[in-house]
Amino acid sequence: MCGIVGYLGHKSPVPLIVDSLRHLEYRGYDSAGVAYLDNENLLQVYKASGKLMNLENILPASLQIRGNGNVSNGAQHIGIGHIRWATHGAANDVNAHPHTGSRNEIALVHNGIIENFYELRQELQCKGHTFLSETDTESVVQLLEHLSQDEPDFCKVVLKALDKLQGAYALNVISKKHPNKLYAARNQAPLVIGVGQDANGHPEYIVASDAVAIVQHTNRLIYLKDGEIAEISEQGVRIMNLKGDLVEPVIETISTDPLTIDKKGYKHFMLKEIYEQPDVVRNSLSGRLQSVHQPIWLLGNTPQAEETFNRELQDIGRIVIIGCGTSYNAGMVGKYFIEELVQIPVEVEAAGEFRYRNPFINNKDLVITMSQSGETADTLAALRLSRQKGAKVLTLTNREDSTMAREADFVMPVRAGVEVSVAATKSFTAQVTALYLLGLALAEKRKASHPEQLEALKSDLLKIPARIETVLHNTEPLQAMARKYGHARDVLFIARGVNFPVAMEGALKLKEISYIHAEGYSGSELKHGPIAMLDSNIPVISVLTKGPVFEKMISNCQEAKAREARCIAISNTPIPKELQTTFEDILEIPECMEPLSPLLTTIPLQLLAYYMAEFLGKDVDQPRNLAKSVTVE
Ligand code: M6R
């Protein structure tokens with residue numbers, strides 16, 4: 001949710017900042033903007049509502065050098081940039097960042113929410129400051145300008161201003177009175193400082209919401225912590241806490257290669273990411289599940305970490321899985337799987353609800369925080385609360401460098417690779433695979449299931465990638481369904497057992513990229529309310545799998561058909577001939593053991609959502625109102 005960039009070095013700042021913002025587009029696309037100090041030390045600001053492309057279109061030709069802006073002309077430059085996901089104020093040019101103070105001396109970009117912005121705004125208006133935007137952010141820049149009137153030391157000004165802020169922020173600030181310094185501060189929103197050198201040996205610093213916006217320039221990073229401020233100049237990085245006490249900066253060298261953001265010939269990132277899933281599952285299993293006779297290796301970092309984690313697993317009395325959106329749905333699949341196999345209570349909680357009650361958590365619980373980004377504000381808060389209450393926390397994330405990975409007791413990378421499309425696809429299958437491995441390992445260690453059952457599951461799990469490939473080779477029926485049902489106003493998804501979360505995920509995918517109203521229900525819940533909605537206009541997509549709930553699901557489909565709903569089956573087992581007339585369309589997918597079936601049943605639902613959105617001409621990769629990383633609560 002919003003991405004920020006700051007630059008201090010000898011390259012042309014604007015092209016470099018715009019290029020870095022391109023890597024942060026997943027964080028929002030309501031507006032984009034840059035501010036920099038020009039050769040006459042004047043603050044120049046360009047901003048435009050909508051996608052980054054709109055900003056690029058209004059930049060003067062001299063600022064439009066493509067690539068890294070790798071022009072080092074001897075002089076030192078400074079600038080900041082922003083990509084917005086609107087919280088306070090409409091997505092227009094005025095509310096776009098950077099914001100400047102009334103005297104146009106200071107410019108600031110912000111990710112987060114300033115909760116006491118209204119009080120600050122009123123106070124500053126009474127003191128003569130004129131506000132132009134509706135944003136919470138403008139209060140901060142006006143406050144900085146106000147405080148700087150009587151205080152020549154800008155570092156002190158920043159400290160004083162931060163002391164007055166309530167809420168979450170990652171900030172980059174520049175001031176024309178202090179042209180050689182870039183300020184950055186973090187509280188409950190991610191911020192990383194890249195420490196690099198240009199081709200002429202000049203030091204350069206890039207401060208961004210995510211390392212992906214930095215690693216093209218340097219892999220030496222300082223991860224700011226909550227409550228830390230950085231004063232960056234050609235002389236280096238000074239880090240202090242909110243009291244102004246100096247903190248020793250820790251520079252980490254990360255191994256991440258510059259991340260190529262490339263559609264590889266696919267029309268959209270989402271389609272590419274769907275097609276990557278066979279390899280994602282292979283990757284996730286690699287080194288962890290070698291063969292059916294070997295024990296599972298979970299964390300994949302050091303033998304000591306594995307040993308400590310295994311000891312932890314022996315003692316736990318309960319598992320609590322916490323996540324949001326797709327990560328929550330993946331956690332639900334984990335609940336069905338682990339509870340059945342290990343016979344240990346597993347609860348799944350939506351992070352935003354968990355954090356605002358007084359949840360019962362203690363040191364016998366293993367809390368699993370699930371997050372593709374590792375930065376989701378609610379999930380991060382749940383992680384911190386769980387640790388405070390004495391639980392050990394395992395994070396399942398796609399980002400090993402994320403805040404959650406840094407703060408959890410244990411980390412299990414899900415290894416999906418960079419996911420660009422806002423709609424999560426491959427991270428879901430990677431998370432589910434990771435939870436399967438955890439369930440199998442727990443069942444092995446606790447001797448909770450028959451070894452033959454575990455071996456059968458392991459053997460079937462190893463075959464899943466090839467079966468996903470089979471599903472991906474048969475997309476014509478799904479494309480035809482997308483054309484047939486693409487104009488539906490409402491769509492219901494039903495399933496039971498371990499596939500119930502798949503129905504929820506199918507509905508989430510469809511609504512987020514096609515804007516069609518969709519709900520996922522347990523087939524058994526249909527008759528308790530949603531059946532009232534059914535008529536001949538509503539497609540009901542049912543997930544049918546061979547196993548204990550197959551017949552129950554068939555009955556639920558017939559109940560829907562009796563209300564004239566248009567029934568569609570995604571089935572991993574042939575539907576008996578006499579029942580086939582219940583369905584307008586049937587898609588058969590490969591069979592596998594029931595507990596593992598979500599890894600296959602999810603794929604056609606992702607594809608169907610994709611083709612429907614594509615048929616309707618929607619912006620598949622960047623759906624309206626959404627952002628990939630939700631760092632505000
Ligand atoms: O990064 P996270 O996994 O913590 O993100 C959680 C949700 O915001 C995310 O899954 C969201 O629901 C996706 N857009 C779903 O496709």
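Remember, predicted model here, so these are calculated numbers, not experimental data. Values reported hereafter were calculated over all heavy atoms of this structure, with side chains retained and with hydrogens, waters and symmetry mates removed. Whatever order the structure lists them in is the order used to number ligands and atoms, beginning at 1.
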Return yes if a side-chain donor-acceptor contact under 3.5 Å exists between Gln372 and Thr397, otherwise no.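 No - no donor-acceptor pair under 3.5 Å links their side chains.
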
Quick one: do the Glu375 and Thr403 side chains pair a donor with an acceptor below 3.5 Å? yes

Sidechain N-carboxylate O distance under 4.0 Å for [X], [Y]:
X: Arg318; Y: Glu347; answer: yes
X: Glu476; Y: Arg483; answer: yes
X: Arg357; Y: Glu353; answer: no

Exactly which residues line ligand 1, taking a heavy atom under 4.0 Å from it as the test?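 Around ligand 1, where the cutoff is 4.0 Å for heavy atoms, the contacting residues are Cys324, Gly325, Thr326, Ser327, Ser371, Gln372, Ser373, Thr376, Val422, Ala423, Ala424, Lys509, Glu512, Val630.
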
Taking the six-membered ring for Trp and the full ring for Phe, Tyr or His, determine whether the centres of Phe493 and Tyr521 are under 6.0 Å apart. no

